K.L.:
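Take this structure, written in structure tokens, and hold onto it; I'll ask about it next.
Each chain gets a letter, A, B and so on, in the order its sequence line appears, and its residues count up from 1. Treat the numbers as computed from the prediction; the structure is a model and nothing was measured.
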2 protein chains.
Amino acid sequence: MANSSSGDSVVDRIVRLISAFPQDATDLRLSELAERSGLPLTTTHRLVGQLARHGLLETAPGGLVRPGLRLWELVNRASPALALRQAAMPFMEDIQQVLNQNVNLAVLDGWEALFVERLSRRGSVANRAQVAGRMAIHISSAGLALMAHQDKALQQEYLRQFADPYGKLAADDVRTLLADTSRQGFAQLKGVVDPDTCGIAVPVLNRRHRAVASLGVVVPLREMRLQALVPALQTAARGIARGLAES
Amino acid sequence: MANSSSGDSVVDRIVRLISAFPQDATDLRLSELAERSGLPLTTTHRLVGQLARHGLLETAPGGLVRPGLRLWELVNRASPALALRQAAMPFMEDIQQVLNQNVNLAVLDGWEALFVERLSRRGSVANRAQVAGRMAIHISSAGLALMAHQDKALQQEYLRQFADPYGKLAADDVRTLLADTSRQGFAQLKGVVDPDTCGIAVPVLNRRHRAVASLGVVVPLREMRLQALVPALQTAARGIARGLAES
DNA sequence: CGCCACCTTCCGTTGAACGGGAAGTCCAGC
DNA sequence: GCTGGACTTCCCGTTCAACGGAAGGTGGCG
């Protein structure tokens, strides 16, 4: 727009603004928001006002700003993550009930696993996978399950880019992990996120045997019984896939 | 911006654009999106391109547009609905398990109940309350539970505005419903949404005894046993309130 | 009271956004 | 294979929405 010294468009600014909110949905002061988003205070003030008029943000007295209900509503009314979530929820609940463990559902976005839903067992070990949280592919069982069942071309590209910062040896390790995952039909990572837990994940496959999502659990190491976990997850994953195909 | 014949800002346009997506998260053709949002095709094309570059929308070959994962992620990372959902989920699951019924969680927005979360019993009667769906206050137990525990001033204003289109008699009926709800501590609506079901909802109260949310179930009429339902809901509601106060 | 930090409002400048038009492309169906 | 419909991609003159510095409130604290 006019006079934009930073050279980005209104859309860019709006994205910067709503991206500036941290994980925990606490209120932000206007000046803090301006700083986080890197926008001039005046601009921030004006944009916040505009967005607030539509309910995308909410302002509280004292210059406090927080994400608005309307934004939540719009997004949660129509989103690609919803159909998946809808199809998966019953099965996730089953898993949670039968196994009494933390259950999570993730999709691949870029080179990361994006967690779409999560049911946590009360009193359970910490599950770092927050809803709408991300984890790198190579450190999450969900990521491995997702990447292990993608086009070969995509996997190559991933490994190539991975080798750049981490080195060839590390990339070879990941290649092995992916191969194991693909062969076994499930991914397993012990003590990577948390020393005393283990992540297990299976892919949710579409008709062309590509992973569109992953279903996983995080269990304390000593409680782990693969023989019971994997079949249950795989059965549920097939159920989810069927549900997706129908819609 | 310049030349905006419609006279609305970029923010308005973006809101119009993302609001244009219907409930079911199906892809929209570009031209269809332009028509729904009332924007010129060229403008729609440009804005969609910009939004897609940030991942807020996704474009598929053939001019198809759908909401993007990134948008879902941003919103679900920080939103006022999330803290509530987080606090409520364990209790909702308990209710669902123990009572084996549809459970829903709503907040008040305008003169409607906005459903924030919903767990549905498989094989259960239809529950019309979709996630991110809305229902008018006077036809939903959730709405009544919410409105019955608000400031007197707000209730008056609601009834005043309600009387305008619906007439004074109808408003008096609602006033009675609200009074009953307030006195009993729970709202009950038989066969309004669906002839064979009954909605029961209790408020989740903050320290000042104002409803910040409502917790409800939808049960088949013949299975209904108030004696069992209401105490369970109220207990859960108190648990949720405690969880909210802590955070 | 005076300082400070922050929110809010004002206002002249300006260039980014707008959108109509038209040509190019791609696909489906008759 | 041709036609129609829809998406895509240029171009370009117009214009006013957005910009942001500066000045003016506001509230809290020592």
K.L.:
Grab the CG-P distance between B/Leu17 and C/dC18 for me, whole Å please.
P.N.:
11 Å
K.L.:
Taking the side chain as every heavy atom from C-beta outward, state whether B/Leu146 and B/Ile137 have any atom pair closer than 4.5 Å.
P.N.:
no
K.L.:
Rounded to the nearest angstrom, tell me the gap between atom CG in B/Asp12 and atom P in D/dC16.
P.N.:
17 Å
K.L.:
A/Arg208: what forms a side chain to side chain donor-acceptor pair (under 3.5 Å) with it, not counting sequence neighbours?
P.N.:
none
K.L.:
What's the CG-C1' distance between B/Leu39 and C/dG20, to the nearest Å?
P.N.:
15 Å
K.L.:
Taking any heavy-atom pair under 4.0 Å as a contact, classify A/Gln50: base, sugar-phosphate, or nothing.
P.N.:
sugar-phosphate
K.L.:
Where along nucleotides 3-9 of chain D does protein come under 4.0 Å, by heavy atom, of base (B) or sugar-phosphate alone (S), with - for untouched nucleotides?
P.N.:
---SSSB
K.L.:
Is the ring pair A/His138/A/Phe162 parallel, tilted or perpendicular, if the boundaries are 30 and 60 degrees?
P.N.:
perpendicular
K.L.:
Are side-chain heavy atoms of A/Glu117 and A/Asn104 found at a separation under 4.5 Å?
P.N.:
no
K.L.:
Under 4.0 Å from OP1 or OP2 of C/dG19: is there any side-chain N or O of B/Thr43 that close?
P.N.:
yes
K.L.:
Rounded off to whole Å, could you give me the CZ-to-P distance for the B/Arg13 and C/dA16 pair?
P.N.:
17 Å
K.L.:
For a side chain to side chain contact (heavy atoms under 4.5 Å, CB included) with A/Leu71, tell me which candidate from B/Leu74, B/Val75, B/Val15 qualifies.
P.N.:
B/Val75
K.L.:
Step by step, would you call B/Glu32 with B/Val65 a side-chain contact (heavy atoms from CB on, under 4.5 Å)?
P.N.:
CA-CA 10 Å; B/Glu32 197 177 348; B/Val65 185; over 6 Å; no
K.L.:
Can you see if the side chain of B/Arg46 gets near the phosphate of C/dA17 - specifically, an N or O under 4.0 Å from OP1 or OP2?
P.N.:
no
